[in-house]
Amino acid sequence: MSTAIVTGQPVPGSSLENDLRSLGFDVRVAADAAETETLLAAVPADRRVALVDARFVGHLHALRLGLTDPRFPLAAVPGAVTAQPDARPALTRAVARETSAPGGTATARAAGGGAPALALDSLADRVAEALDADGGAVHRPELGSLVAVVPADPQARNEARQAVSAVDDEAVRLKSAVKSRDGFFTTFFISPYSRYIARWCARRGLTPNQVTTASLLTALIAAGCAATGTRGGFVAAGVLLIASFVLDCTDGQLARYALKYSTLGAWLDATFDRAKEYAYYAGLALGAARGGDDVWALALGAMILQTCRHVVDFSFNEANHDATANTSPTAALSDKLDSVGWTVWLRRMIVLPIGERWAMIAVLTALTTPRITFYVLLAGCAFAAAYTTAGRVLRSVTRKARRTERAAQALADLADPGPLAGALRRVARKGLPGLAVPAVALLGGAVVVACSALTDFGGPLPVAGAVVYVLTSALAVARPLKGALDWLVPPFFRAAEYGTVLALAGKAGVNGALPAAFGLVAAVAYHHYDTVYRIRGNAGAPPAWLVRAIGGQEGRTLLVAVLAAVLTGAQFKVALTVLAVAVALVVLVESIRFWVSAGAPAVHDEGETA
């Protein structure tokens with residue numbers, strides 16, 4: 001249980017102590033700074049501690065936002081400050097200094113109701129300022145219309161209470177549970193009621209992880225219905241896919257509504273969206289096969305295209321995460337267009353986010369055939385990919401951004417070079433200049449995919465193309481990826497590796513080769529998504545031994561090309577299956593070990609815009 005120390009003389013009629021207890025705090029009262037220091041020292045080191053001024057007036061949700069969010073070691077609102085166990089030493093030092101210092105005043109930041117800032121002597125505010133002065137990253141949540149203030153006199157207290165009464169705390173909490181930049185379909189067709197489902201879940205003690213799991217199970221059932229290959233199964237699959245998406249929105253809204261963020265939740269939320277969508281693709285392919293139509297190549301192509309789209313997003317964002325001088329005329333034009341209301345929704349719909357995409361897939365599944373569904377999906381995703389990538393290329397070449405070492409390392413980790421590229425890049429230490437880096441990566445990828453797709457199965461040309469690809473991969477990552485367009489290297493690598501597997505499996509000409517290739521690409525894609533979410537959580541890339549064990553992207557590409565050259569089609573199918581199972585086992589075991597460990601980042605990933 002967390003501990004809240006209420007500092008100062010209790011105010012008659014105040015509900016503060018009851019509010020703190022409702023948030024899960026064990027409440028203790030300290031008359032002055034010296035007693036606060038004594039009580040603080042007595043609290044077990046593994047507990048969260050909050051210091052709250054006894055005169056505090058504000059909404060319960062303001063306290064919840066400031067004192068219970070698990071993502072931030074230090075946090076504060078006017079009149080209250082909190083520290084998680086890891087940040088307790090910093091809080092203890094700040095309190096000790098305030099205890100030994102002569103009395104003074106601090107300025108409490110009033111929030112809501114237009115209330116002015118009030119000059120007063122508040123220990124919690126002084127401690128928060130001391131933590132700031134020490135370089136502590138004190139999180140101060142945006143309160144908006146919520147009130148959080150420490151009144152200096154009875155008149156100010158009455159005004160603050162009136163401001164509290166004027167704002168519906170629960171309405172604000174429900175509104176803040178919804179992401180501010182969701183897509184059109186989610187904003188107008190899902191969130192108006194999914195937020196109430198989130199509240200219903202919170203009041204019954206359900207966790208975001210449970211809702212996330214329910215969403216996954218619903219999507220898997222939808223995939224199973226699609227796999228029946230009947231019209232009734234397709235209709236049920238479409239309905240269940242939408243139901244799964246409603247639950248997918250609900251889990252994030254529940255996390256924000258109840259502030260239930262966790263390391264396991266980050267992993268589940270980050271990976272299950274991809275697992276649900278790609279399992280549904282497989283279900284459609286199985287259903288089509290039951291009707292005599294082989295669409296596995298389309299299903300695999302859709303997965304490859306969608307994964308490459310995500311890698312473009314991840315790479316661009318990581319490349320510009322902390323870049324300096326990060327402005328461009330293109331970005332300025334985009335911001336200007338955002339000021340025109342209808343263009344915002346149009347641009348969000350064009351990129352085909354998960355809400356619009358799943359709604360389209362659900363409707364097409366119910367009304368048409370899997371082949372038509374995949375044709376429309378591929379066309380829509382290809383247009384969205386071209387639109388977003390072109391915009392980001394324009395931004396990159398017109399902005400004068402200086403990339404940091406962190407950004408370069410993130411791009412290197414996303415590129416996923418293996419032992420072969422590592423050995424060869426030590427020979428080519430100087431690397432390539434400027435735009436030659438993405439150009440060589442694109443050229444090498446195009447060579448290996450073309451050699452695999454345009455020759456008969458079993459020939460030596462794909463192996464030659466793969467050798468060229470290994471060399472170009474090493475050249476592309478020989479120096480830090482700090483160029484204007486170096487963020488294109490990881491998506492080019494993904495397209496090359498996945499495209500080679502698709503081309504060779506298609507050329508094998510045996511039943512089961514493309515499903516085996518689908519499994520292999522899914523396993524490798526999971527590894528790449530796992531890398532992304534570790535980087536987002538500032539936990540670094542997967543361990544080097546894992547990358548070596550699964551060969552790196554160029555090693556796997558060469559291996560698949562060699563297997564296609566020396567094996568028959570039937571043997572190649574078995575080899576792809578074995579490779580898919582091996583990669584999946586190694587990657588999943590390490591990923592699960594990491595995300596349930598204490599070292600995993602405590603975040604709730606928002607994923608792509610819904």
Side-chain angles (χ1 to χ4, degrees), residues 1-11 14-104 106 108 120-141 148 150 258-263 597-602:
M1 178 180 287
S2 302
T3 298
I5 301 174
V6 178
T7 63
Q9 295 300 320
V11 176
S14 173
S15 62
L16 178 61
E17 293 188 23
N18 288 333
D19 288 344
L20 291 170
R21 290 190 180 96
S22 72
L23 295 177
F25 285 96
D26 175 26
V27 179
R28 303 177 187 180
V29 179
D32 52 31
E35 189 175 356
T36 299
E37 185 177 14
T38 302
L39 290 176
L40 179 61
V43 177
D46 60 347
R47 285 191 181 186
R48 173 195 284 271
V49 174
L51 306 183
V52 186
D53 195 294
R55 297 166 291 182
F56 176 90
V57 174
H59 288 98
L60 175 63
H61 193 49
L63 284 174
R64 181 183 291 108
L65 290 172
L67 303 182
T68 67
D69 195 323
R71 297 172 295 176
F72 307 103
L74 293 167
V77 292
V81 62
T82 185
Q84 295 202 63
D86 290 345
R88 283 277 301 278
L91 179 67
T92 300
R93 290 193 298 271
V95 171
R97 280 202 305 275
E98 292 303 318
T99 301
S100 59
L120 48 89
D121 182 15
S122 170
L123 176 62
D125 286 335
R126 295 204 312 271
V127 168
E129 297 295 340
L131 289 168
D132 281 330
D134 285 345
V138 181
H139 171 68
R140 289 181 170 85
V150 180
L259 296 183
K260 290 184 177 180
Y261 303 97
S262 68
T263 56
S597 71

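Rounded to the nearest 0.5 Å, atoms CZ (R48) and OG1 (T82) are 4.0 Å apart. Distance check: Q9 CD to D32 CG gives 9.0 Å after rounding to the nearest 0.5 Å. Between the CD atom of E35 and the OG1 atom of T99 there is a distance of 11.5 Å, given to the nearest 0.5 Å. If you take OG1 on T68 and OH on Y261, they are separated by 9.5 Å, rounding to the nearest 0.5 Å. In this structure, the separation between CG on N18 and CG on L23 is 11.0 Å, given to the nearest 0.5 Å.
Counting all heavy atoms, side chain and backbone alike, L63 lies closest to L20 at CD1-CD2, 4.3 Å. Residues Q84 and F72 approach most closely at NE2-O, 3.0 Å, considering heavy atoms. Looking at every heavy atom in both residues, E37 comes nearest to A96 through OE2-CB, 3.5 Å. Nearest heavy atom pair, residue A94 against residue A130, reads CB-CB, 4.0 Å. Heavy-atom minimum distance, R21 versus V27: CG-CG2, 3.7 Å. Closest non-hydrogen pair, D53 versus T7, comes out as CA-OG1, 3.6 Å.
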Could you give me the CA-CA distance, side-chain angles and deciding distance for L51 and E98, then say whether side chain to side chain contact (heavy atoms under 4.5 Å, CB included) is met? CA-CA 13 Å; L51 306 183; E98 292 303 318; over 6 Å; no

Side chain to side chain contact (heavy atoms under 4.5 Å, CB included), that's the test. Do R28 and V43 meet it? Break it down for me. CA-CA 10 Å; R28 303 177 187 180; V43 177; 3.8 Å; yes

Could you walk me through whether L67 and V52 pass side chain to side chain contact (heavy atoms under 4.5 Å, CB included), step by step? CA-CA 10 Å; L67 303 182; V52 186; 4.0 Å; yes

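If you run side chain to side chain contact (heavy atoms under 4.5 Å, CB included) between R140 and each of V77, D132, L74, only D132 comes through.
Residues V138 and E129 form no side-chain contact, since every pair of their non-hydrogen atoms from C-beta on lies 4.5 Å or further apart.
Using modelled atom types, no side-chain atom of R64 and backbone atom of H59 make a donor-acceptor pair closer than 3.5 Å. Checked by atom type and distance alone, the side chain of D125 pairs as donor or acceptor with a backbone atom of G79 at under 3.5 Å. Here the side chain of D69 pairs a donor or acceptor atom with the backbone of R71 at under 3.5 angstrom.
A search for side-chain hydrogen bond (donor to acceptor under 3.5 Å, both in side chains) contacts involving T3 returns R47, not counting sequence neighbours.
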